[in-house]
Amino acid sequence: MKVTTTGRVDKADREAERFPLERVRNIGIISHIDAGKTTTTERILYYTGKTYKMGEVDEGSTVMDWMVQEQERGITITSAATTCYWKDHRINIIDTPGHVDFTVEVERSLRVLDGAIAILDAVHGVEPQTETVWRQADHYRVPRICYVNKMDRVGADFFRCLEMLEAKFDAKPVAVQLPLGTEGDFEGCVDLLEMKAIRYLDELGTTWEWTEIPGELREMADFYRTSLLETAALYDEELMEAYLAGEEIPLELVRRALRRGSLACELVPVFCGASLRNRGVQPLLDGVVYYLPSPLDVPPVQGFHPSKQTPEVRRASDDEPFCALAFKVMSDPYVGKLVYLRVYSGSVKTGATVLNATRDRKERIGRLLQMHANHREERETARTGDIVAAVGLKETFTGDTLCVPHRPIVLESMVFPEPVISVAIEPRTKADQDRLSEALERISEEDPTFQVKLDPESGQTIISGMGELHLEIIVDRLMREFGVEANVGKPQVSYRETISRPARGVEGKFIRQTGGRGQYGHVIIDVEPLPRGEGFDFQNRAGAHQVPREFVPAVEDGIRGAMEFGVLAGYPVVDVRVILMGGSYHEVDSSELAFRAAAASAFQEALRKAEPLLLEPIMKVTLNVTDEYVGDVIADVNSRRGKVESMERRDNYQVITAFVPLAETFGYATDLRSLSQGRATHHMQFSHYGEVPHQLAVEIIRRIRGEY
């Protein structure tokens, strides 16, 4: 049977049409860099009739990668949202970056999405950033389907990808397709539910035919079909009974069971294709409809009342009070500040006044926009399940909750990683000075992992981010978007300080006596080291007769403030426990200010007594190296104070995993190309903070203090 899709749909005002919630899908596309997320999204837009021409990453012509920086580099930098329609379903899609420097885009997208397509490169399988985004999806319990892309590439191996999924993740991968041919002979796929082959007939992938499964694949198809049914039967009693009785099993029964397992995040339906050659995308869209959740399939969103602190719940229904999460902020040169919202319940109209429950501020929604990458369409109303952008919200930022004023709720916000790399930046001319400050402020509003601060000693403006590429893109945006010319210093590592042993009974006093009322605060604290990555823990063991309860929060605030600047080189202090053991107060002169100052003084003194250490960011580096260069690459890693953790053979190359201090990785991409004649590739992401060797720490501290 021959099937044709023209890629066109009837668009009779479909943007304004209200789809039943059970036919809405909010999905993200996630993977390692260069696995084919944007290419797959471009095909989805073409086959669903959203676009009339397929964009190509290599040509810089994609719809979703609309930024100049994305088109020049051929990578996704910012997540882009769009909406399309397939088989009477409305699909809201967010295409996310794969580069680790922009992992915040994945984090905040997964926070508001109901499902995801995880894309694997058929040649490389599960890669490092795939593991990162998979863990993020696990954290938010996002059901996913998997798409093994690039089946037409030399070295493509669908079955190894299945094995890697099972070995590296707890989820159970279930093949719902098998590849029909491989590498240059890849023609389509075998559908294990229909038990027929799909063979594509034209270059655009719009025409295909259903055929019988080739004889050489029949035995393998039977094996994987049996495995599929056995797994699916665990989620449906009716299917289990039919399977055990040897009866013919209806297609819808199998899909229902697979959907249940997928929604429970216990199994992952796996598809295959070659997006660049337009093979396999339509069945993947079917998988989105069949196996990923609607807003009704996910649990009701939970939060708390901002003043009463009591739990609050909102069901996915237009009849519930309005509630939405702001998950992204963007500066648009034409409309100003855009705030992306995921509406969890209720509805809101243009011009409505809403409450920012996170900041206790009322805001007016000036306009509502349906986004298609950087193109905008006006909306009068946003309803449950919608992903829209709002204009006119002046005091709303990433992670804030918007709701109706008479039924406030604060949803769980997002936690973002701390920056690991910094550079000094200064305007080239006096005219650039004001524009630079304004531009940096707007970018920091957009990106929670980008930070700006003023160095009090040097007077320099320091910008911090997640990696060299992250800061490079920001500097490029300053020039192109904001017209600011700036000079940038060399990258600097964001070190941290901690302690190596406890310090007990350290006192801090703040006593000031002037003509009128004085100031009196006195605390006694213990400090203890915590395991790496534990952050900060504060405990109060002082009696109310020593430090009254109303002053305890001021003590904690004072310590937190003091943690911003360590005693070795002024870097933030991490991984410490502080215990308030005692102190004293004055009935008249004691104040929060006095206890805050006393606590800060005690903490600084305790740091000096607890043998402080300098910590540096350690990067996890994954290298793909052909055999002849393995020795040179490992020697180079060792010379950078790196430690090789593991080596794994894949086909004709080795995958080396190593941990290397960030300070030793600047310019590593160029050095690796030289070592391997351009044949080795690498991926780097932050892993943890580790102790700096003593002699090196002494040199760093002396340099920071300006002693040489």
Side-chain angles (χ1 to χ4, degrees), residues 1-12 14-15 17 19 23-29 31 35-59 61-66 76 80-95 115-119 145-152 176-177 179-180 186-189 191 193-194 196-210 269-292 370-373 375:
M1 181 178 66
K2 187 174 176 181
V3 182
T4 302
T5 58
T6 62
R8 311 278 66 83
V9 295
D10 177 14
K11 290 196 190 177
R14 300 202 74 172
E15 301 299 334
E17 184 181 340
F19 272 67
R23 288 197 275 123
V24 173
R25 301 287 184 271
N26 289 316
I27 65 165
I29 300 185
S31 79
K37 293 183 298 299
T38 301
T39 300
T40 303
T41 308
E42 292 294 320
R43 271 56 183 172
I44 288 174
L45 296 180
Y46 179 77
Y47 295 132
T48 57
K50 190 70 179 181
T51 59
Y52 287 79
K53 179 180 180 295
M54 295 184 195
E56 302 294 348
V57 173
D58 293 342
E59 297 172 4
S61 60
T62 60
V63 173
M64 303 304 278
D65 284 352
W66 55 269
T76 301
T82 189
T83 300
C84 58
Y85 303 88
W86 184 256
K87 292 190 174 178
D88 278 334
H89 283 68
R90 179 189 178 108
I91 304 176
N92 298 317
I93 302 175
I94 296 184
D95 176 29
I117 302 173
I119 299 184
I145 60 177
C146 194
Y147 176 60
V148 179
N149 190 23
K150 303 189 179 184
M151 285 303 306
D152 58 327
V176 294
Q177 293 178 340
L180 186 63
F186 181 70
E187 296 180 87
C189 56
D191 189 310
L193 277 76
E194 299 274 6
K196 289 186 178 179
I198 302 172
R199 198 183 303 269
Y200 287 85
L201 303 176
D202 67 338
E203 286 301 312
L204 282 177
T206 56
T207 306
W208 66 90
E209 63 178 357
W210 289 94
V270 183
F271 297 76
C272 63
S275 295
L276 191 62
R277 287 184 57 196
N278 313 313
R279 305 280 187 267
V281 177
Q282 295 95 332
L284 178 65
L285 277 165
D286 291 341
V288 170
V289 169
Y290 294 142
Y291 307 124
L292 290 183
Q370 185 71 56
M371 300 300 294
H372 177 47
H375 300 289

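Side chains included, hydrogens not; waters and symmetry mates left out as well; all remaining heavy atoms used.
The shortest distance between side-chain heavy atoms of L180 and I198 does not fall below 4.5 Å.
Partner of T82 under the side chain to side chain contact (heavy atoms under 4.5 Å, CB included) criterion, chosen from I94, L45, I91: L45.
A donor-acceptor pair is defined here as one N or O able to donate and one able to accept, closer than 3.5 Å; such a pair exists between the side chain of R25 and the backbone of V289. At distances below 3.5 Å, at least one donor-acceptor pair connects side-chain atoms of R23 with backbone N or O atoms of D88.
Under the side-chain hydrogen bond (donor to acceptor under 3.5 Å, both in side chains) criterion, Y147 pairs with S275, sequence neighbours left out. Qualifying side chain to side chain contact (heavy atoms under 4.5 Å, CB included) partners for D152, counting only residues two or more places apart in sequence or in other chains: K150, F186, A274, R277. In this structure V270 satisfies the side chain to side chain contact (heavy atoms under 4.5 Å, CB included) test together with C146, V148, F158, L162, L165, P173, sequence neighbours excluded.
Pairing each heavy atom of C84 with each of I93, the nearest pair is SG-CD1, 3.7 Å. The minimum heavy-atom distance between R43 and L276, with the atom names listed, is NH2-O, 3.4 Å.
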>> side-chain contact (heavy atoms from CB on, under 4.5 Å) for V288 and I44? Distances and angles first, verdict last.
In response: CA-CA 11 Å; V288 170; I44 288 174; over 6 Å; no
>> Please evaluate residues Y290 and I145 with respect to the criterion side-chain contact (heavy atoms from CB on, under 4.5 Å), reporting the C-alpha separation (whole Å), side-chain torsions for both, the decisive distance (0.1 Å), and the verdict.
In response: CA-CA 10 Å; Y290 294 142; I145 60 177; over 6 Å; no
>> One pair to check against side-chain contact (heavy atoms from CB on, under 4.5 Å): Y46 and T206. What are the steps and the verdict?
In response: CA-CA 10 Å; Y46 179 77; T206 56; 3.9 Å; yes
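Among pairs with a residue in residues 280-292, those fulfilling salt bridge (charged side-chain N to carboxylate O under 4.0 Å, His left out) read K87-D286, at least two apart in sequence or across chains.
Here the straight-line distance linking atom OH of Y47 with atom CG of L204 works out to 6.5 Å at 0.5 Å rounding. Atom OH of residue Y200 and atom CZ of residue R279 lie 8.0 Å apart, to the nearest 0.5 angstrom. One distance of note links CG of N278 with CG of D202; it measures 8.0 Å at 0.5 Å rounding. Taken to the nearest 0.5 Å, the SG atom of C189 stands 11.0 Å off from the CZ atom of R199. If you take CZ on F271 and CG on D191, they are separated by 8.5 Å, rounding to the nearest 0.5 Å. Rounded to the nearest 0.5 Å, atoms NZ (K37) and CG (N149) are 10.5 Å apart.
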